[in-house]
Amino acid sequence: MFTFFRRCFALVICLVAISPLLKLHAAVKDQHSFANPEQISTTHLSLDVQVDFDKSQLRGFVEHQLKRYDAKATTLVLDTRALVIEKVQQQNAKGVWSDAVFTLGKAAGILGQSLSIKLAAHSEKVRIYYHTTADSSGLQWLSAAQTTEKQQPFLFSQSQAIHARSWIPLQDTPAVRVSYQARVRTPKQLLAVMSADNSKNLERDGDYHFDMPQPIPAYLIALAVGDLHFKAMSTQTGVYAEKTWLDKAANEFADTQHMMDVASGLYGQYPWGRYDLLILPASFPFGGMENPRLSFITPTVITGDKSLVSLIAHELAHSWSGNLITNSNWEDLWLNEGFTNFFENRIMSEVYGNARADMEYSLSVAELERSLPDLTKADQALKLQLQGRDPDEAFSPVAYVKGQLFLSYLEQQFGRQHFDAFVSLYFKTFAFQSMDTQSFLTFLQHNLLAKYPGKVTEKDVQQWVFQDGLPTNYPKRPSDAFSKVEQQLALFLAGNANWQTKDWTVHQWLHLLDKLPRNSTKQQLMNLDQQFAFSQSQNAEIFVAWAKLAIPLQYQALQQPLEQFLLKVGRSKFVVPLYRALVASPVWSEFGKNVYRQARPGYHPLTQAQVDKLYL
Ligand code: BES
Ligand code: ZN
């Protein structure tokens with residue numbers, strides 16, 4: 001292993017020496033992209049699209065500014081998926097536009113189709129005229145009825161991991177970064193926002209302009225259109241939302257500026273100017289998405305008590321880990337998500353105290369431990385193997401939590417001061433670049449392991465990164481608040497319940513639900529529900545944790561609120577496990593199917609695809 005490590009290091013040095021390009025595009029080919037950035041890559045995109053809600057279609061063109069690395073290359077290869085390409089043009093050195101010959105490759109499932117464009121000797125710009133289709137998996141078109149306000153339609157994009165290609169033809173690999181500008185035309189009464197500078201659009205007139213001057217990977221290009229309003233939370237932060245959510249969101253997330261200040265203090269100045277939040281309709285398939293300058297956020301974390309705001313700390317942390325330094329390949333996702341979970345928890349402990357951060361840490365560890373037995377050995381390693389696989393399906397708590405625990409372990413071994421200095425140096429050194437696991441390990445070796453010898457061996461590192469399972473030497477963070485929960489639960493299970501739950505936090509309730517034996521009886525659940533009304537909980541995390549326990553027992557009082565929940569919320573982390581539990585229940589399977597039939601049109605295409613599989 002040691003020699004392997006050294007050989008890889010020698011290879012990287014060699015490649016860096018012979019070609020500055022290979023440093024940028026990492027030595028590893030992204031198997032989820034057809035693009036040829038090592039020959040010709042895009043440096044800047046200009047998007048000009050019309051948002052047609054009648055046809056559920058984006059239509060227009062995208063212009064690519066190109067940079068050539070291989071003088072002999074004559075073909076630009078882009079990624080597309082479910083797009084209709086109408087026409088391609090190129091601009092010669094004199095600035096004259098002419099048609100370019102292009103071919104679409106054979107459809108290859110989730111990867112879509114390559115778009116190969118023949119280039120004249122000196123052309124540095126191409127324009128692709130295109131429109132999206134019903135199968136454009138990166139867009140969700142919502143009818144007015146599917147929004148919170150129910151007055152106007154809504155559109156949003158979700159490009160991670162490989163869905164940007166379904167609404168813009170481009171080099172859809174995180175190894176390529178582009179700056180972009182955009183003009184988006186919408187019905188007059190709607191507002192468009194993007195992962196860019198949104199400040200030019202003071203007037204709601206259906207013609208919006210955006211500018212993203214910093215280079216970002218394709219999966220961070222994002223667009224939303226709806227009856228959106230803005231409320232400032234501080235000079236640098238604010239929320240965009242439909243009216244119902246605007247004040248509620250601004251209150252819930254009022255600590256965002258504080259989080260930013262803390263984050264900047266930890267690992268270097270916030271690099272993107274403003275940081276705003278966009279609250280999406282409840283069908284948004286994720287908790288959050290770190291689109292730069294404008295994180296996309298599910299409304300299911302707006303609870304009125306700030307109990308789930310670690311999501312904001314998480315998406316904000318991605319402004320460094322993910323958006324500033326980007327995994328160069330989806331196999332290296334842990335570099336994005338593990339760092340972000342680690343960073344998120346640091347922010348949470350600074351803003352809300354160690355006790356809360358400790359509880360969130362333990363809940364994450366419990367989630368990881370529950371998930372491991374269901375994963376193959378290969379999927380338990382930080383470095384994933386995704387050959388021939390859909391990246392969306394391979395993502396699990398491993399990248400997030402095992403990644404976080406690896407970094408916490410390093411922090412514990414080297415001490416917070418040294419580890420923080422290392423992380424700051426990492427962000428500074430590789431800002432606006434992509435990073436793969438091997439290059440990270442080389443940097444780690446030089447700047448931490450070798451600098452403070454005798455604390456962590458390369459073998460330890462290899463185990464964390466490439467082996468299955470969870471090394472037992474990760475830092476434990478016992479929580480007094482959780483011990484209290486465990487004591488109360490032990491009494492309850494022994495039949496001596498005398499619940500003392502005054503001042504319990506959401507995290508304590510979640511811990512109770514985590515610890516409740518899976519073979520609890522219906523009588524025990526009923527008893528708990530009568531006292532604590534879990535079936536009525538308005539906190540989605542509590543409700544779902546409870547429902548997962550109660551569905552297998554066909555607990556009647558849950559049925560109606562469960563139906564309501566599934567009809568309203570489309571966040572896949574919640575709905576997929578709920579349907580999975582329903583399918584597994586002989587009595588409620590049919591009920592689940594009926595609910596899904598009604599709910600399906602309101603779910604995002606990604607969520608639909610996941611639930612469809614359960615009902616095959
Ligand atoms: N970037 C992810 C969402 C994502 C990951 C989308 C992979 C597509 C592919 C985002 O930052 C995220 O991790 N969201 C989590 C929340 C988080 C607190 C764990 C989510 O959506 O639940
Ligand atoms: Zn994340």
Side-chain angles (χ1 to χ4, degrees), residues 32 110 137-138 140 156-164 166 172 174 195 216-222 253 259 277-280 282-292 294-301 307-327 329-348 357 360-361 363-368 371 384 386 389-404 407 507 510 540-541 544 569-577 604-607 609-610:
H32 294 109
I110 54 143
S137 52
Q140 187 179 7
F156 66 86
S157 68
Q158 167 55 44
S159 298
Q160 195 182 8
I162 53 170
H163 301 280
S166 77
D172 196 3
S195 54
I216 58 169
Y219 77 90
L220 294 177
I221 303 178
F253 307 133
M259 291 181 180
L277 305 172
L278 169 68
I279 311 305
L280 287 123
S283 68
F284 185 58
F286 295 105
M289 178 65 213
E290 65 269 28
N291 299 314
L294 183 66
S295 286
F296 284 24
I297 303 294
T298 171
T300 60
V301 291
S307 57
L308 303 180
V309 296
S310 61
L311 176 78
I312 307 300
H314 181 94
E315 304 313 335
L316 171 67
H318 271 305
S319 304
W320 289 261
S321 42
N323 299 2
L324 192 59
I325 303 186
T326 305
N327 53 210
N329 193 290
W330 297 114
E331 296 190 338
D332 303 312
L333 180 77
W334 78 273
L335 290 173
N336 277 15
E337 299 298 347
F339 262 92
T340 297
N341 257 26
F342 175 83
F343 196 171
E344 164 202 327
N345 196 263
R346 291 294 304 279
I347 296 170
M348 291 305 290
E360 292 184 346
Y361 180 92
L363 287 170
S364 299
V365 175
E367 188 196 3
L368 173 65
S371 76
L384 295 169
L386 298 179
R389 301 170 72 192
D390 183 346
D392 290 347
E393 280 168 23
F395 295 165
S396 77
V398 170
Y400 287 83
V401 186
K402 188 176 170 184
Q404 172 186 8
L407 300 173
H507 302 89
L510 289 172
E541 293 283 353
V544 172
V569 175
R571 184 175 170 189
S572 54
K573 168 183 147 182
F574 292 147
V575 305
V576 174
H604 188 279
L606 294 177
T607 314
Q610 282 175 279

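Source: prediction; values computed, not measured. Whatever order the structure lists them in is the order used to number ligands and atoms, beginning at 1.
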*Is a salt bridge present between Glu541 and Lys573, judged by a nitrogen-to-oxygen distance below 4.0 Å?*
yes
*Proximal atoms of ligand 1 relative to Phe395 (non-hydrogen, under 4.0 Å)*: 7 (C), 9 (C)
*When you check the side-chain N and O atoms of Glu360 and His507, is any donor under 3.5 Å from an acceptor?*
yes
_Side-chain donor-acceptor contact under 3.5 Å, Glu290 with His314_ = no
*Specify whether an N/O/S atom of Glu337 falls short of 2.8 Å from the Zn ion (ligand 2).*
yes
*asked:* Test of understanding: given a 4.0 Å heavy-atom threshold, classify the contact between Gln160 and ligand 1 as side chain, backbone, both, or neither.
replied: both
*Proximal ligand 1 atoms for Arg571, defined as those under 4.0 Å from one of its heavy atoms*: 22 (O)
*Nearest protein heavy-atom contact for atom 16 (C) of ligand 1: which residue, which atom, what distance?*
Leu311 CD1, 3.5 Å
_Considering non-hydrogen atoms of the protein only, which is the closest contact for atom 2 (C) of ligand 1, and what is the distance?_
Glu337 OE2, 3.3 Å
*Is Gln404 close to Leu407 at the side-chain level, that is, under 4.5 Å between some pair of heavy atoms?*
no
*asked:* Tell me the protein heavy atom at minimum distance from atom 13 (O) of ligand 1, and give that distance in Å.
replied: Tyr400 OH, 2.7 Å
*ring pair (Phe, Tyr, Trp, His ring centres under 6.0 Å) partner of His604, chosen from Phe156, Phe284, Phe286, Phe296*: Phe156
_Among Glu360, Glu315, Met289, Gln158, closest by any non-hydrogen atom to atom 11 (O) of ligand 1_ = Glu315
*For His318, take its heavy atoms, then give the atoms of ligand 1 lying under 4.0 Å from any of them.*
11 (O)
*Side chain proximity check, Ser283 to Thr607, heavy atoms < 4.5 angstrom*: no
*Which of the atoms in ligand 1, numbered in the order shown and given with their element, are less than 4.0 Å from a heavy-atom of Glu290?*
1 (N), 2 (C), 10 (C), 11 (O)
*Nearest non-hydrogen atom to atom 14 (N) of ligand 1 belongs to which of Gly288, Ser364, Ser159, Gly287?*
Gly288
*asked:* Within rounding of 10°, what is the angle whose vertex is the Zn ion (ligand 2) and whose arms end at NE2 of His318 and NE2 of His314?
replied: 100°
_Pair Thr298-Arg571, side-chain donor/acceptor within less than 3.5 Å_ = no
*Within the side chain of His318, is there an N or O that forms a donor-acceptor pair under 3.5 Å with the backbone of Pro292?*
no
